[in-house]
Amino acid sequence: MTLPHPSQVIEQQWFARPAPEVAPDLIGCVLVRQLPNGERLRGIIVETEAYGPDDPACHAYRKRTPRNAVMFGVAGYSYVYLIYGMYHCFNVVTDQDGVASAVLIRALALQDIGSESAALSPKAQARLAAGPGKLCRCLEIDRSLSQVPLMHGQPLWFEHPVREADAEISSLELVQTTRIGLTQGVEIPWRWYLKGSAAVSKL
DNA sequence: AGTGGGATCTGT
DNA sequence: CAGATCCCACTA
């Protein structure tokens, strides 16, 4: 069992910057999910989107509500919401306390996969967390995991990239473009992904 | 109290 | 490209 080296875990303070700075920095980092049954799932982040204040696509654009309240709080907490009645989306709260912003984690290249999915073909495994809804299904994330601190010992946390494991990923080009699935704020180029990764949503 | 739309995904 | 499916924010 590999316990994370303390310096490897990303602290909540790291997220206390504007979302459009955090989102590209998260590409190549690792998301870790500690399941209730003891299994630990890990994946390299290959696609993110930023949402911020003065951003019409942001859930917190209009005002603070019970649903979006956590986005107004301090950085390094989870924001999980239900979309289209059937999927969940997982975000990290960013920026200073009082600034409503977050980064949506859209896709992972899975490293440690759950035992249930181990029998799937490599191709199918690569698509397991390709898209925010599938990612949450794969990592068993729902709204009960909203507003929890993203730190070691919790159900979810982030780690900095490890050099060896990262060799293949780090050769890929980081692309910045517009966000997906929106009706407002369509022109804001706050989506980042690794070009050529099989796990990026909507090729 | 009623309603309409949504940061998605799958199959036709 | 339609359908599944349900919470929540907004209107009255």
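A note on names: the letters A, B, ... follow the listed sequences, proteins ahead of strands, and every chain is numbered from 1. FYI, side chains are in, hydrogens and waters are out, and symmetry mates aren't considered; it's all heavy atoms of this structure. Keep in mind it's a predicted model, so treat the numbers as computed, not measured.
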Below 4.5 Å, heavy atoms only, C-beta onward: do R42(A) and V32(A) meet side chain to side chain?
yes
I'd like to check R40(A) versus D112(A) (side-chain heavy atoms, cut-off strictly below 4.5 Å). Are they in contact?
no
May I have the distance from L104(A) (atom CG) to dA7(B) (atom C1'), rounded to whole angstrom?
6 Å
For L82(A) and dC7(C), what is the distance between atoms CG and P respectively, to the nearest whole Å?
7 Å
With a 4.0 Å cutoff (strictly under), does any side-chain N or O of R137(A) reach OP1 or OP2 of dT8(B)?
no
Do Y51(A) and the base of dA7(B) stack face to face, with centres under 5.5 Å apart and an angle between planes under 30°?
yes
Atom-to-atom span, CG of D142(A) to C1' of dT8(B) - whole angstrom
16 Å
Candidates I180(A), V46(A), L135(A), T48(A) - the one meeting side-chain contact (heavy atoms from CB on, under 4.5 Å) with R106(A)
I180(A)
With distance as the sole criterion, do the side chain of Y84(A) and the base of dA4(C) form a donor-acceptor contact below 3.5 Å?
no
Rounded off to whole Å, could you give me the CZ-to-P distance for the R179(A) and dG6(B) pair?
14 Å
Grab the CG-P distance between L128(A) and dT10(B) for me, whole Å please.
10 Å
Of the nucleotides dT8(B), dC10(C), dA7(B), which has the atom closest to the R62(A) side chain?
dC10(C)
Should R67(A) be listed as having a side-chain N or O under 4.0 Å from OP1 or OP2 of dA9(C)?
yes
Does a side-chain N or O of S201(A) approach OP1 or OP2 of dC9(B) to a distance below 4.0 Å, or not?
no
If you only use heavy atoms from C-beta on, which nucleotide in dT8(B), dT10(B), dA7(B) is closest to the side chain of I180(A)?
dT8(B)
By nearest nucleotide on DNA chain C, pick out whichever of R143(A) and Y87(A) is the more 5' one.
Y87(A)
Ring centroids only, cut at 6.0 angstrom: are Y79(A) and Y77(A) within range, meaning strictly under it?
no
Using atom P in both nucleotides, what's the gap between dG2(B) and dT5(C) to the nearest angstrom?
22 Å
Can you measure R64(A) atom CZ to dA9(C) atom C1' for me and round it to whole angstrom units?
16 Å
So which one's nearest nucleotide on DNA chain C is more toward 5', G85(A) or K63(A)?
G85(A)
Closest heavy-atom contact between W190(A) and G52(A)?
CZ3-N, 3.7 Å
Using atom CG of N68(A) as one end and atom P of dG6(B) as the other, report the distance to the nearest whole Å.
16 Å
Whole-Å gap separating P (dT8(B)) and CD (E47(A))
10 Å
Applying the Watson-Crick and G-U wobble criteria at under 3.5 Å, what pairs with dT5(C)? Answer none if nothing qualifies.
none
